[in-house]
Amino acid sequence: NAQLDTAQKKFGDSSLLLDGTGDYISIPTSTEFGFGTGAVTLECYVRPAVVSGTQVILDTRTSAPEVSLLLKLDGTGIKVDVNGSDVISGGTLAANTWYHIALTHDNNAGETRFFINGELMSMSDNIQTFDFDWGATNQGQPATIRIGDGSEGNPDRGKFKGYIDEFRIFKGEAKW
């Protein structure tokens with residue numbers, strides 16, 4: 001029962017409302033969502049209704065663990081998980097407040113950067129040079145995008161409760 005709602009929005013007339021009980025958005029599998037080693041930017045605005053437990057914002061994995069991307073709230077912080085390991089974490093979020101979240105990878109510099117509200121999180125913690133290959137084909141399978149819930153078999157499968165707006169992916173471009 002994911003729905004567009006006009007009560008809260010960052011831009012436009014509405015935003016995605018998820019109640020945390022079973023609703024999410026699933027975009028069918030596509031090789032376009034296997035980001036591989038190239039440049040990519042993922043960004044969105046989130047307004048969590050609660051900041052406790054695990055809440056998945058984005059999962060590109062077919063199953064877990066997998067060398068693909070999982071972006072999640074963990075209590076008041078945000079974590080980026082690749083292949084079952086939290087590789088980036090940061091921020092302190094409050095309930096019922098809008099936040100801009102951006103994750104970029106610059107394949108030329110070999111760096112992955114994580115931003116909240118346009119500010120780079122701690123330099124030492126959040127410019128990462130780990131091996132970057134977010135599932136060119138997700139272990140031979142085209143990738144799926146799930147917004148608001150994790151993939152089947154994901155131990156961090158908590159459903160997101162709140163609003164998500166302006167979710168965008170820029171494949172081939174590392175903004176910020």
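Position 1 is the first residue of the sequence; numbering continues from there. The basis for the numbers below is simple: all heavy atoms, side chains too, and nothing from hydrogens, waters or symmetry mates.
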Test side chain to side chain contact (heavy atoms under 4.5 Å, CB included) on Leu16 and Phe167; report intermediate values, then the result. CA-CA 10 Å; Leu16 176 64; Phe167 188 91; over 6 Å; no

Determine whether Lys159 and Leu18 satisfy the following criterion, side chain to side chain contact (heavy atoms under 4.5 Å, CB included), listing intermediate values before the conclusion. CA-CA 8 Å; Lys159 292 172 176 50; Leu18 302 171; over 6 Å; no

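Between Gln3 and Asp23, every side-chain heavy-atom pair lies at or beyond the 4.5 Å cut-off. Leu71 places none of its side-chain heavy atoms less than 4.5 Å from the side chain of Leu42. Side-chain contact between Phe160 and Val46 is present, with at least one heavy-atom pair separated by less than 4.5 Å. Under the 4.5 Å side-chain criterion, counting only non-hydrogen atoms from C-beta, Ile78 is in contact with Phe114. Counting heavy atoms from C-beta outward, Ile25 and Ile164 have side chains that stay 4.5 Å or more apart. A heavy-atom distance below 4.5 Å is not found between the side chains of Arg47 and Asp165. The closest side-chain heavy-atom distance from Tyr163 to Lys10 is not below 4.5 Å.
No donor-acceptor pair closer than 3.5 Å links the side chain of Thr92 to the backbone N or O of Thr76. Thr41 places a side-chain N or O within donor-acceptor distance of the main-chain N or O of Glu173, the cut-off being under 3.5 Å. Checked by atom type and distance alone, the side chain of Gln55 pairs as donor or acceptor with a backbone atom of Val50 at under 3.5 Å. Side chain of Asp86 to main chain of Asp81: no donor-acceptor pair is present (N/O by atom type, distance under 3.5 Å, no hydrogens or angles).
Rounded to the nearest 0.5 angstrom, Asp74 CG and Thr54 OG1 are separated by 4.5 Å. The distance from the CG atom of Leu58 to the CG atom of Leu70 is 7.5 Å, given to the nearest 0.5 Å. Expressed to the nearest 0.5 Å, how far CD1 of Ile101 lies from CG of Leu103 amounts to 10.0 Å. The line from NZ of Lys175 to OG1 of Thr104 is 11.0 Å long, rounded to the nearest 0.5 Å. Distance NZ/Lys79 to OG/Ser89: 6.0 Å, rounded to 0.5 Å.
Contact record, Ala174 with Ala39: N-CB, 3.9 Å, taken as the closest heavy-atom pair. Taking all atoms of both residues into account, the shortest heavy-atom contact from Thr97 to Pro48 is O-CD, 3.7 Å. Of all heavy-atom pairs spanning Leu4 and Ser14, the tightest one is CB-OG, 3.8 Å. Between Arg146 and Ser26, the closest heavy-atom pair is CG-OG, 4.2 Å. For the residue pair Ala95 and Ala49, the shortest heavy atom distance occurs at CB-O, 3.4 Å.
No path of Ile, Leu, Val, Met, Phe, Trp and Tyr side chains, each step under 4.5 Å between heavy atoms, connects Ile116 with Phe170, placing them in separate hydrophobic clusters. Under the 4.5 Å side-chain heavy-atom criterion for Ile, Leu, Val, Met, Phe, Trp and Tyr, Tyr99 and Ile57 are members of the same hydrophobic cluster. Cluster membership for Val80 and Ile147, using ILVMFWY side-chain heavy atoms within less than 4.5 angstrom, is shared.
Taking the six-membered ring where tryptophan is involved, the planes of Tyr45 and Trp98 are perpendicular, since the angle between them exceeds 60° and thus also 30°.
More than 12 heavy atoms of other residues, nucleotides or ligands sit less than 6.0 Å from atom NZ of Lys9.
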